[in-house]
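Naming convention: chains lettered A, B, ... in sequence-line order (proteins, then strands); numbering from 1 in each chain. Just so you know, these numbers use all the heavy atoms, side chains as well, and skip hydrogens, waters and symmetry mates.
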2 protein chains.
Amino acid sequence: MVKDVKEILKNNSLSITGSREKILSLFLEQPGALAHGDIEKRAGEKFDRVTVYRTLQTFVEKGIIHTIPTADNSIRYALCKDDCKEGHHHDHHVHFVCTQCNTTYCLDDVVTPELKLPKGYTSTHIEVVAEGVCKNCK
Amino acid sequence: MVKDVKEILKNNSLSITGSREKILSLFLEQPGALAHGDIEKRAGEKFDRVTVYRTLQTFVEKGIIHTIPTADNSIRYALCKDDCKEGHHHDHHVHFVCTQCNTTYCLDDVVTPELKLPKGYTSTHIEVVAEGVCKNCK
DNA sequence: TAGCAAAAAGCAACATGGTTGCAAAATATT
DNA sequence: AATATTTTGCAACCATGTTGCTTTTTGCTA
């Protein structure tokens with residue numbers, strides 16, 4: 001059921017290392033988004049902080065994961081869908097933060113709406129974050 | 001032209017102090033949003049970091065300013081419109097970050113759009129941040 | 001307007017999140 | 001199997017933000 005971690009790494013021409021396998025599988029194992037802190041905790045104290053930072057950075061660059069801005073000022077990361085290529089993301093979906101369980105979801109099916117901006121403003125990217133109660137907590 | 005700073009503080013039952021006057025006038029003097037760092041710089045090295053943090057916190061609590069989440073993980077603050085009351089904000093407008101000059105604007109006239117969320121999800125608040133080029137930089 | 005209680009400012013110390021440089025270890029390549 | 005290249009881990013560092021406590025300032029009242 002779990003997509004082969006090694007395969008994903010190879011496809012992105014990344015060398016296969018323990019930390020990359022472990023961190024990537026953390027993302028595959030669960031539905032929501034992960035913050036840096038979550039990863040350090042769930043990985044079981046195994047990796048250096050720096051390694052986690054660098055691994056996440058690498059994954060973002062390769063388009064394996066994408067970042068989600070949240071109001072509480074902590075960057076979260078989530079898996080990208082298959083149509084994300086290196087350096088060019090297509091995460092035009094809405095993100096949802098549950099105020100109960102504090103989980104962040106990618107609502108892949110909810111597309112970011114069009115906006116009528118004032119004269120003179122041109123937008124290249126629109127980020128939408130909805131806050132509320134998720135289906136598991138209601 | 002500049003609204004009386006002392007008046008605003010009084011209306012919110014805040015004591016009138018040097019730092020509050022100074023910081024509040026910084027917001028009134030310019031159109032965009034300010035991050036904590038901006039304030040420390042523009043105030044001319046006069047205030048302690050802690051004072052700035054606490055002043056901003058107080059202003060947020062009183063509904064004088066509101067926070068804007070941004071992708072680069074730094075909280076920005078902007079003036080609230082008049083209909084914001086203590087503990088109850090009405091900042092249901094879109095925010096805009098210019099990638100050229102890095103200014104954050106409140107687009108007060110652009111209302112956050114409605115969203116159709118998946119079954120089971122209930123949202124209490126929707127945050128929209130548009131990224132692009134502003135009218136001064138195009 | 002002097003005096004006093006309450007609030008705010010300033011300072012030190014700490015916590016967290018994140019980065020950089022470098023040496024040691026692991027990976028990929030022939 | 002041996003070497004060149006990556007990646008890791010460590011130490012040190014920086015930025016951002018918080019907490020506790022003392023000193024100063026403010027607002028109020030006599």
Side-chain angles (χ1 to χ4, degrees), chain A residues 4-26 33-62 64-77 86 102 104, chain B residues 4-26 33-62 64-77 86 102 104:
Chain A
D4 192 13
V5 169
K6 289 196 177 75
E7 197 64 29
I8 298 176
L9 291 175
K10 261 186 210 160
N11 288 345
N12 288 281
S13 49
L14 290 174
S15 25
I16 295 169
T17 68
S19 48
R20 283 181 183 161
E21 287 184 80
K22 182 80 199 219
I23 291 173
L24 185 48
S25 63
L26 279 180
L34 293 172
H36 169 87
D38 300 326
I39 294 166
E40 260 188 285
K41 276 168 214 144
R42 301 202 198 177
E45 321 294 314
K46 300 190 74 169
F47 305 118
D48 191 76
R49 250 154 26 101
V50 181
T51 304
V52 178
Y53 280 117
R54 285 200 268 234
T55 305
L56 289 173
Q57 205 174 292
T58 308
F59 285 178
V60 171
E61 279 163 16
K62 290 292 180 178
I64 301 173
I65 60 179
H66 65 272
T67 62
I68 307 170
T70 51
D72 68 337
N73 214 26
S74 70
I75 302 175
R76 282 154 191 272
Y77 301 86
E86 182 168 354
N102 207 30
T104 302
Chain B
D4 192 13
V5 169
K6 289 195 178 76
E7 198 64 30
I8 298 176
L9 291 175
K10 263 184 208 158
N11 289 345
N12 288 281
S13 50
L14 290 174
S15 23
I16 295 169
T17 68
S19 47
R20 283 183 183 159
E21 287 184 81
K22 182 81 199 220
I23 291 173
L24 186 47
S25 62
L26 280 179
L34 293 172
H36 169 87
D38 301 325
I39 294 166
E40 260 189 286
K41 276 169 214 145
R42 300 202 200 177
E45 322 291 316
K46 298 190 76 172
F47 305 117
D48 192 75
R49 275 213 332 276
V50 181
T51 303
V52 178
Y53 280 116
R54 285 201 268 234
T55 304
L56 290 173
Q57 204 174 294
T58 307
F59 286 176
V60 171
E61 278 164 14
K62 290 292 179 179
I64 302 174
I65 58 178
H66 64 271
T67 61
I68 307 171
T70 50
D72 67 340
N73 214 27
S74 70
I75 302 177
R76 283 156 190 268
Y77 301 86
E86 181 168 354
N102 207 30
T104 303

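The CD-P distance, from Q57(B) to dA9(C), rounds to 12 Å in whole Å. D48(B) has its CG atom 15 Å from the P atom of dT19(D), to the nearest Å. We find that CG of L14(A) is positioned 15 Å from C1' of dA26(C), with the value rounded to whole Å. The NZ-P distance, from K10(A) to dA28(C), rounds to 9 Å in whole Å. One atom, CG of L56(A), and another, P of dG18(C), lie 10 Å apart when rounded to the nearest Å. Counting to the nearest Å, the C1' atom of dT16(C) and the CD1 atom of I39(A) are 16 Å from each other. Between the CG atom of L24(B) and the C1' atom of dA8(C) there is a distance of 16 Å, given to the nearest Å. F47(B) has its CZ atom 13 Å from the P atom of dC11(C), to the nearest Å.
Judged by distance alone with a 3.5 Å cut-off, no donor-acceptor contact links the side chain of R49(A) to the base of dG9(D).
Residues T104(A) and R76(A) have side chains that bring a donor and an acceptor to within less than 3.5 angstrom of each other.
Side-chain atoms of D38(B) come within 3.5 Å of backbone N or O of A35(B) as a donor-acceptor pair.
The phosphate of dA8(C) has neither OP1 nor OP2 within less than 4.0 Å of any side-chain N or O from T55(B). The side chain of T17(A) places an N or O atom within less than 4.0 Å of a non-bridging phosphate oxygen (OP1 or OP2) of dT8(D). Contact annotation: R54(A) side-chain N/O to dT8(D) OP1/OP2 distance is not under 4.0 Å.
Residue whose closest nucleotide on DNA chain C sits further toward the 5' end, between V50(B) and R20(B): R20(B). Residues S15(A) and H36(B) both approach DNA chain D. Their nearest nucleotides, taken by heavy-atom distance, put S15(A) toward the 5′ side.
In this structure, L56(B) CG and I39(B) CD1 are separated by 4.5 Å, a value rounded to the nearest 0.5 Å.
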Worksheet item: Would Y53(A) and H36(A) satisfy ring pair (Phe, Tyr, Trp, His ring centres under 6.0 Å), going step by step from the backbone distance to the final call?
Response: CA-CA 7 Å; Y53(A) 280 117; H36(A) 169 87; 3.8 Å; yes
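When all heavy atoms of S15(A) and R20(A) are compared, the pair lying nearest together is O-NH1, 3.1 Å.
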